[in-house]
Amino acid sequence: MLTLLSDYETLRLIWWVLLGVLLIGFALTDGFDLGVGALLPFVARTDVERRIAINTIAATWEGNQVWLVLGGGAIFAAWPALYALSFSGFYLAMFLVLFALILRPVAFKYRSKREGAAWRARWDAALFVGGAVPSLIFGVAVGNVLQGVPFHFTGDLRPIYEGTLFGLLNPLALFCGLVSVAMLVMHGAAWLAVKAEGPVAARANAIGAKSALATAGLFALGGILVAAGAFGGYQVVSPLAGDGPSNPLAKEVVAASGAWLANFRARPALLLVPLLGIAGPLLAAAGFRARREGATLLASSLGLAGIIATVGLSMFPIILPSSTHPGHALTVFDASSSRATLRNMLVATVIFLPLVLAYTAWVYRVLRGRITAQDVTAPGSPAY
């Protein structure tokens, strides 16, 4: 343990893994919240059905969103250059995401303050926006990262971003947005199949099977596009000092078609990860049809983890490539915080992350069981 806390290269690798864990944790938990919101107009046709769908996530969405805060905090503390570029370069896109996410708690709070159908319909639309827009934008962001982001550093390492919002909305990025929407809709449907009853669960199963097949097909197509060089790719061609100073300019990176597959060619065992990204949704599609709710949610979760991990493994050691100045790309080994910062953060994470996981598991255990029509119509039921 003491060796881990003193070795700079190992600390950087650990935090790269932890960042992936936090992003996957967000996708697995708040991902089904977003999916349920995006599915709301399609799985629920009456007010009672909509209340059933909403109540499957109303008690846990706020805790699930903490994973997003943890991910942002980890980027800020462990990878400050990555935080500066991504949160400023994608500012308008992030603003859209935050606006959509802010709509969600407001809609939960005010939806049932009045009995009017039009009033509730407007807040239901807000819940749909709060689920669909972030699902799309998160995928669009990943698509732009894979293609490279237009930025460079000045001589004193001041980052300069040269892109625009409309530049982010390019065809390949929108394709990745579709992958993201499909997989989160699949995950939301899997959650509804576990937590809802009656027509809501039945419609979720039907839509979930289709979205699971779409996820597998789109992700496989994405792999073909990467292999064909549509997304380009970047490769570090100079030595990287794992324990060297954080200086993004002290290396050479070149754009190389198909470079995102280099790690998988060098280590074929890693191909199990993208295969999981395809197999998980296919197993989920079979689970939806067989009405095996628990197995379906597990398969959906494994598929999401495989898809997200594939992106990180394909890019390693790069974490943010530059499309205009490839040599200025950020890597795991030249964009991190100091050794002391990473060490102290790791100690805090080792102490508190298990507590967070234990509390989360306890909450889901307490709230286990299906949401029924009686639950949402009985006197004293939650006013959502």
Side-chain angles (χ1 to χ4, degrees), residues 7-20 75 78-90 141-163 167-168 170 172-173 176 222-223 225-268 270-271 273-274 309-339 341-342:
D7 186 74
Y8 202 9
E9 180 177 4
T10 302
L11 285 170
R12 285 165 160 166
L13 288 171
I14 289 174
W15 272 104
W16 175 74
V17 172
L18 284 175
L19 179 59
I75 293 174
W79 315 99
L82 175 62
Y83 180 90
L85 281 164
S86 58
F87 280 72
S88 59
F90 296 161
V142 171
N144 279 281
V145 169
L146 286 171
Q147 295 175 79
V149 179
F151 72 88
H152 68 276
F153 288 93
T154 62
D156 57 356
L157 295 183
R158 183 167 59 92
I160 304 295
Y161 178 78
E162 301 167 333
L168 298 176
N170 58 78
L172 289 174
C176 291
L225 292 174
V226 170
F231 282 94
Y234 299 85
Q235 184 176 5
V236 181
V237 294
S238 61
L240 273 174
D243 59 351
S246 291
N247 180 4
L249 304 182
K251 66 179 179 305
E252 185 178 353
V253 178
V254 297
S257 179
W260 292 146
L261 298 178
N263 287 335
F264 298 107
R265 295 191 193 100
R267 298 172 179 82
L270 294 178
L271 288 171
V273 177
T310 296
V311 176
L313 290 173
S314 65
M315 294 177 60
F316 182 85
I318 296 173
I319 51 178
L320 188 66
S322 170
S323 58
T324 55
H325 297 72
H328 294 203
L330 302 180
T331 75
V332 172
F333 303 112
D334 64 16
S336 73
S337 293
S338 67
R339 186 199 311 262
T341 299
L342 297 182

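Side chains are part of it too, since the values below use all heavy atoms of this structure and drop only hydrogens, waters and symmetry mates.
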About how many Å separate [atom2] of [Y] and [atom1] of [X], when rounded to the nearest 0.5 Å?
| X | Y | atom1 | atom2 | result |
| --- | --- | --- | --- | --- |
| Asp334 | Leu249 | CG | CG | 8.5 Å |
| Leu146 | Ile318 | CG | CD1 | 11.0 Å |
| Leu313 | Leu271 | CG | CG | 10.5 Å |
| Thr310 | Asn263 | OG1 | CG | 11.5 Å |

Looking at every heavy atom in both [X] and [Y], which two are closest together, and how far apart are they?
| X | Y | value |
| --- | --- | --- |
| Cys176 | Gly143 | SG-CA, 3.5 Å |
| Ala256 | Gln235 | CB-OE1, 4.2 Å |
| Ala228 | Ser257 | O-OG, 4.4 Å |
| Ala255 | Pro326 | N-CB, 4.4 Å |
| Tyr8 | Ser337 | OH-O, 2.6 Å |

*Can the ring centres of Phe316 and Trp16 be said to be less than 6.0 Å apart?*
yes
Does the side chain of [X] reach to within under 4.5 Å of the side chain of [Y], using non-hydrogen atoms?
| X | Y | answer |
| --- | --- | --- |
| His328 | Pro248 | no |
| Leu85 | Phe153 | yes |
| Trp79 | Leu330 | no |
| Pro321 | Val253 | no |
| Leu240 | Thr331 | yes |
| Leu168 | Val149 | no |
| Phe264 | Pro274 | yes |

Donor-acceptor contact below 3.5 Å, side chain [X] vs main chain [Y]:
| X | Y | answer |
| --- | --- | --- |
| Thr324 | Phe151 | yes |
| Ser336 | Phe333 | no |
| Trp260 | Val226 | no |
| Tyr234 | Gln147 | yes |

_Please tell me whether Arg12 and Ser246 have a donor and an acceptor in their side chains that are separated by less than 3.5 angstrom._
yes
*Verify side chain to side chain contact (heavy atoms under 4.5 Å, CB included) between Asp243 and Asp7, making sure each step is shown before the conclusion.*
CA-CA 8 Å; Asp243 59 351; Asp7 186 74; 5.8 Å; no
*Which is it for Leu82 and Ile75 under the side chain to side chain contact (heavy atoms under 4.5 Å, CB included) test, yes or no, and what are the steps along the way?*
CA-CA 7 Å; Leu82 175 62; Ile75 293 174; 4.0 Å; yes
